[in-house]
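Worksheet for the structure shown next.
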Number of protein chains: 2
Amino acid sequence: MSSIKDVAQRAGVSVATVSRALSGNGKVSSASRDAVHQAAKELGYVLSYNASSLASGRSRNIGMVMPTVSRWYYANVLQGATQELNERGYDLTLYNTSGEQRHRDAVFQDLLMRQRLDAVITVTLKLTAPELHQLQAVKKPLVALGGLLPQVQTIRVDDFNISALGTEHLISLGHRDIAFLGGTDEFNIDFCLPSARLDGFEYALDQAEIRVNPQWLLNADFTTAGAYQKVRSLLSNPRGRPTALLCASDEMAFGAIMAARDLGLNVPNDFSVVGIDGHELGDLFGLTTIAQHPHAQGEAAVRRIMELLGEEDPTPDGAAPEFFPTEFVLRTSTAPPAGA
Amino acid sequence: MSSIKDVAQRAGVSVATVSRALSGNGKVSSASRDAVHQAAKELGYVLSYNASSLASGRSRNIGMVMPTVSRWYYANVLQGATQELNERGYDLTLYNTSGEQRHRDAVFQDLLMRQRLDAVITVTLKLTAPELHQLQAVKKPLVALGGLLPQVQTIRVDDFNISALGTEHLISLGHRDIAFLGGTDEFNIDFCLPSARLDGFEYALDQAEIRVNPQWLLNADFTTAGAYQKVRSLLSNPRGRPTALLCASDEMAFGAIMAARDLGLNVPNDFSVVGIDGHELGDLFGLTTIAQHPHAQGEAAVRRIMELLGEEDPTPDGAAPEFFPTEFVLRTSTAPPAGA
DNA sequence: CTGAAAGCGCTTACAG
DNA sequence: CTGAAAGCGCTTACAG
């Protein structure tokens, strides 16, 4: 591999000039610049990021930490962030906190600390105090996507309102017997879906003066299969069942719809279902949902990081809304209750 | 941040000894070793990977290149690889070839070349000759997961046999009118599902002396929604329809099952469906499939890389099968055809 | 077993 | 605008 010296020699300039010409930092005559680019091209020169990072303190590498990548939301956030970063010549290094505790510890104590990252994006993570402290000690920009990190710049959707909106939709159709399917405590922590979604649900019912039936407050593991089981039980209860359900994720809503169908119920006539997410499959299931565009969230997190790194002009203040925009998508999984 | 010098000073030894004690390379008295570890711990020292890499030429960082991360197979490969890597103190840097051509070019011409990676894992990628040449010029270990890269160590499942097996299953149930749903050419290239799956299908039919109906050779975009459309059309054809279908992915098989149900057909009695993948949702759909364990494939790729890097003992020759093991999973989406 | 020193390939004040 | 030189924080022959 040719080094910067080879380029300098071939271009007939100093190493310093090559560095300046290639990086764009500092003044270089256009003659020198051309000679350098020409020489670099001829040699197939690519600079060593390790050396560059060591000398400059900038790595052009962003760390992303998430609890899993194989769930819909995370995979899409990751996809959006990678593309946005690669486009800028940045790398994305991926860390996963799932699995054993010692792996998670390794991530926070070692991997993230190794001075190889310019910034870190956490995704729906709830960090322990030492973990957060650790991260902040590095003095690198930190942006959170979702999650609950005090004093960290966070991009998030308005979970409370999303839930309230979905619930109001059902109420406005005439439903009064409405169930809610959220995450189990375990998952609420890992995926850090704050209680906001449940709160929004209860708030909307409260506003409509409908009493919450505690039996109809369910939770599952955010998988389609887990939701299927729960909703099957719910709908099989001979002592009466709800006419509608709000799910904290689309993947769970799919399970709910499948469970209802397998019991011979018609969705939406016998049972209405609302999801939250905007999963591609929603179309097929006819799922009414609130879309949250995780791909765009991943991109937004990258742009925010770039602003913090001074690589990009900050978004004008007025343009930065408190919450990431979401969108109500009406399809065919909701209708007035049978008796209405 | 404290540096190696601080540790050396505090431990009362030289920088060289600290390096040796911490890395485990070279001889160090146990007294020195203890002093160094003690000092490092007190200072909260974490070594700079950039400096370490520059000096040693080893980055403890593996690149993974895939066409997308938001499809089931890829997300799971990624998850398996990250965990396996992080466990060894390695980082995973993710590259995505989807999107515009210039992004793909950037990945191959710049990102991968920057000397920051010890090795590269490609996932179901078909590289152009220059791309492959580029990658090989770096002289770093290269392992492929699936895909068609000549002269590259590849971990792959036996696509031909998988398809043949699924088809034989249907034939043995008595089906003779069997359709196949593969990928469109565009996706066959990106996801590099070789024609092997179609070949296996045709081979099995041929063995059973069944003629392939060209009208029943379909392809879609590997999504559930795409498959749904295709299969809906297929099954709506008044001039007769197949009694069974082999799908090149489980996600497509789900779409096929949904399409059949929406047309009022009973799966499996009116229409049998077989998938390929082992997607978690297969259980819910009762999908008969051939499971290929992408999470384990990701882990296997990492282990292979570690062997090539000399970090791990090579698997004894006899233990390394030509193909990654797969598993036939019989569920309830297949049954003898109605008339049988 | 240990240390002084060269060197990895860049960047960036500094002086011109 | 340009170059000589110091320095980024490590690793590793080399000599002891």
Side-chain angles (χ1 to χ4, degrees), chain A residues 1-37 39-40 43-61 89 110 113-118 138-140 310, chain B residues 1-37 39-40 43-61 89 110 113-118 138-140 310:
Chain A
M1 301 299 298
S2 46
S3 81
I4 195 172
K5 275 190 193 172
D6 303 316
V7 179
Q9 200 170 321
R10 184 170 196 115
V13 297
S14 73
V15 166
T17 298
V18 173
S19 175
R20 287 192 274 251
L22 259 24
S23 69
N25 302 328
K27 304 277 156 197
V28 184
S29 72
S30 60
S32 300
R33 192 194 332 279
D34 293 349
V36 167
H37 279 114
L43 293 170
Y45 169 74
V46 182
L47 72 68
S48 158
Y49 263 33
N50 284 135
S52 174
S53 303
L54 183 57
S56 71
R58 303 281 300 260
S59 299
R60 297 186 77 82
N61 188 196
D110 284 1
M113 298 299 128
R114 285 166 175 165
Q115 313 290 315
R116 187 146 56 182
L117 306 172
D118 289 336
V138 198
K139 304 273 183 218
K140 305 271 182 184
Chain B
M1 302 298 296
S2 46
S3 81
I4 196 172
K5 276 190 189 169
D6 305 316
V7 179
Q9 200 171 324
R10 185 169 195 118
V13 297
S14 73
V15 166
T17 299
V18 173
S19 175
R20 287 192 274 251
L22 258 24
S23 69
N25 301 328
K27 304 278 157 198
V28 185
S29 72
S30 62
S32 298
R33 191 193 334 279
D34 292 349
V36 167
H37 279 115
L43 292 171
Y45 170 74
V46 183
L47 72 69
S48 158
Y49 263 33
N50 284 135
S52 174
S53 304
L54 183 56
S56 71
R58 302 282 299 260
S59 300
R60 297 187 77 82
N61 189 196
D110 284 0
M113 298 298 130
R114 287 168 172 163
Q115 312 290 316
R116 186 145 59 181
L117 306 171
D118 288 337
V138 199
K139 303 274 185 218
K140 306 272 182 181

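Labels below follow one simple rule: chain letters A, B, ... track the order of the sequence lines, proteins then strands, and each chain is numbered from 1.
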Item to check | Range-with-range stems for DNA chain D, at least three Watson-Crick or G-U pairs under 3.5 Å | outcome: C:1-3 with D:14-16, C:5-12 with D:5-12, C:14-16 with D:1-3
Between [options], which one does the side chain of [X] approach most closely?
X	options	answer
B/Arg20	D/dT12, C/dT12, D/dC10	D/dT12
B/Ser3	C/dG9, C/dT11, D/dG9	D/dG9
B/Asn25	C/dG9, D/dC10, D/dT12	D/dT12
B/Ser14	D/dG9, C/dC10, C/dA4	C/dA4
A/Ile4	C/dT12, D/dT12, C/dC10	C/dC10
A/Ala16	D/dT11, C/dG9, D/dA5	D/dA5
B/Ala55	D/dC1, D/dC10, C/dC10	D/dC10

Item to check | Rounded distance in Å - CG (A/Leu22) to C1' (C/dG9) | outcome: 13 Å
Checklist entry - Within the structure shown, what part of the strands sits under 4.0 Å from B/Ser32 by heavy-atom distance: base, sugar-phosphate, or nothing? => result sugar-phosphate
Next on the checklist: Heavy atoms only, 4.0 Å cut-off, all strands: where does A/Ser29 land among base, sugar-phosphate and nothing?
Outcome noted: sugar-phosphate
Checklist outcome for this item: Distance col, row B/Arg58:CZ vs B/Leu117:CG, nearest 0.5 angstrom, shows 13.0 Å
Checklist entry - Just how far is it from atom OH of A/Tyr49 to atom OG of B/Ser53, taken to the nearest 0.5 Å? => result 15.0 Å
Next on the checklist: Looking at B/Ser52 and B/Ser48, would you say the former's side chain and the latter's main chain have a donor-acceptor pair under 3.5 Å?
Outcome noted: no
Checklist entry - Do B/Val36 and B/Val13 have side-chain heavy atoms sitting under 4.5 Å apart? => result yes
Checklist entry - Hey, does B/Asn25 have a side-chain heavy atom less than 4.5 Å from the side chain of B/Arg20? => result no
